[in-house]
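What follows is one structure encoded as structure tokens, with my remarks underneath.
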Amino acid sequence: MVHVKRHIAKAISYRILGTLQTITIGYIFTGSIVISSTIGITELCVKPIIYFIHERIWYKYIKFGVDKHED
């Protein structure tokens with residue numbers, strides 16, 4: 001049995017990895033740790049909101065892959 005804590009830990013580690021990647025790429029392009037960190041923190045705050053909106057749109061309007069059989 002897989003516990004919910006595992007999924008939460010995986011989501012957190014994935015988000016940290018993604019943010020570090022964004023900061024690294026930002027640093028490569030700008031050469032500034034301040035600018036790249038600001039980009040990373042902004043991304044960390046904005047992406048969950050975008051993901052939530054994306055999920056709601058898919059759930060409400062996009063029926064791709066949804067079984068329409070009624071029991």
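Note that this is a predicted model, so its numbers are computed, not measured.
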Original post:
Roughly how far, to the nearest 0.5 Å, is CD1 of Ile23 from CD1 of Ile33?
Top reply: 7.0 Å

**OP:** First locate atom CZ of Arg6, then atom CD1 of Ile8, and finally report the distance between them rounded to the nearest 0.5 Å.
**Re:** 13.0 Å

**OP:** Rounded to the nearest 0.5 Å, what's the gap from CD1 on Ile12 to CG on Leu17? Could you check?
**Re:** 13.5 Å

Original post:
Nearest 0.5 Å, what's the CD1-CD distance between Ile25 and Glu43?
Top reply: 9.5 Å

Original post:
Do you reckon Phe64 sits in the same ILVMFWY cluster as Ile57, going by side-chain contacts under 4.5 Å, direct or chained?
Top reply: yes

**OP:** Keeping the roles fixed (side chain from Ser37, backbone from Val34), state whether a donor-acceptor pair exists under 3.5 Å.
**Re:** no

Subject >> Heavy-atom pair with the smallest gap, counting every atom of Ser36 and Gly26 >> reply: CB-C, 3.5 Å

Original post:
How long is the span from the OG atom in Ser32 to the CD1 atom in Ile39, to the nearest 0.5 Å?
Top reply: 8.5 Å

Original post:
Do other residues, nucleotides or ligands put more than 12 heavy atoms under 6.0 Å from the NZ atom of Lys63?
Top reply: yes

Original post:
Do the side chains of Ile53 and Tyr61 join up, straight or via other hydrophobic residues, at under 4.5 Å, putting them in one cluster?
Top reply: yes

Original post:
Can you get from Val66 to Ile62 by hopping between Ile, Leu, Val, Met, Phe, Trp and Tyr side chains that sit under 4.5 Å apart?
Top reply: no

Original post:
Could you state the interatomic distance from CG (Leu20) to CZ (Arg15), rounded to the nearest 0.5 Å?
Top reply: 10.0 Å

